[in-house]
Amino acid sequence: MESGALDFALSCFVADGDRIAFVPTMGALHDGHLALVAQGKELADRVVVSIFVNPLQFNDASDLERYPREKESDLAKLEAAGCDLVWLPSASDLYPEGFATSVRVAGVSERWEGEHRPGHFEGVATVVAKLFNEVVPNVALFGEKDFQQLAVIRRMAIDLGLCDNIVGVPTVRETDGLALSSRNAYLSLDERQQALALPRALEAARAAILSGNAIDDALGEGRNSLLEGGFSRVDYFAAVDAETLEPLDRLRAGMRLIAAAVIGSTRLIDNVAV
Ligand code: PAF
């Protein structure tokens, strides 16, 4: 559905007293996205999905250009999943001529992805604020795979009073442990195999920390195993507080291990709860 018809469809849902679950996406949908739709169906009467490849959140023009666009198969998957409404805004719907506002979430957005992808979270927060303003959801669902993004959106939604029910849905993994990601499509067969070093390194670090090893040692071990496993660069491999994303140097409730690393021309991120 294009933006013109969105307001009418949403007003029908509201007139019927339906609660709306919202799943914002950039398309190239996989089972991780469909898990968000399934969870949305549990939590509300109607599920609305948006598909928009948001130029504001790409700090690299070639990354934006090669991002997969699979409209027809996305629509078929959403229909099969029982999604009630798919919104396909255009760039000019969201960012009309003269658009000059940016949403910046201080603190939680600054480290990790924020450091390695300057402007990324401003782009995410800006588009999600715009989308929330249009859809006015009762509940919105995001994957835990983008763990820092989830924390940034939670903070923004509270601060701007946009949606008081942000739900994080656990990462969906392949049977061998690789987290589903639209970017996995870039991996060659060899890289796909080597990429398993990422979930394995996170699991090993988690086990090491839980069995009493020093956090720094466990993280250093994790970084090394990624480089030995075929990754060419590790942007970060860190233990953080799940809410603030501040680094932790001792085991605490709510600790999360987060990592980002590059294999071939693909940058992958993943995380696990400790
Ligand atoms: O996670 C994504 O797919 C995007 O960052 C989001 C939340 C749809 C904003 O463009």
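What you see below is based on every heavy atom in this structure, not just the backbone, and it leaves out hydrogens, waters and symmetry mates. Indexing begins at 1, ligand by ligand and atom by atom, following the structure's order.
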query = Relative to the heavy atoms of Val127, which atoms of ligand 1 are at a distance of less than 4.0 Å?
reply =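 Within the 4.0 Å cut-off of Val127, ligand 1 contributes 9 (C), 10 (O).
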
ask   = Is it true that a side-chain atom of His116 and a backbone atom of Asp235 form a donor plus acceptor pair closer than 3.5 Å?
value = yes

ask   = Is it true that a side-chain atom of Glu70 and a backbone atom of Leu75 form a donor plus acceptor pair closer than 3.5 Å?
value =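 It does not hold such a pair.
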
key: Protein contact to atom 10 (O) of ligand 1 [nearest heavy atom, distance to 0.1 Å]   = Gln57 OE1, 2.6 Å

query = Between Thr25 and ligand 1, does any nitrogen or oxygen pair lie at a separation below 3.5 Å?
reply =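 Looking only at distances, the answer is no, because the N/O contact criterion of under 3.5 Å is not met.
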
inquiry  = Heavy atoms only: which of His33, Gln149, Lys145, Lys130 lies closest to atom 5 (O) of ligand 1?
reply    =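 The option holding the nearest heavy atom is Gln149.
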
Quiz item: cation-pi between Arg104 and Phe121, 6.0 Å / 45° =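 No, cation not above the ring by the 6.0 Å, 45° rule.
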
query = If you draw a 6.0 Å radius around CD in Glu243, do more than 12 non-hydrogen atoms from other residues or ligands fall strictly inside?
reply =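 Check fails, neighbour count at 12 or below.
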
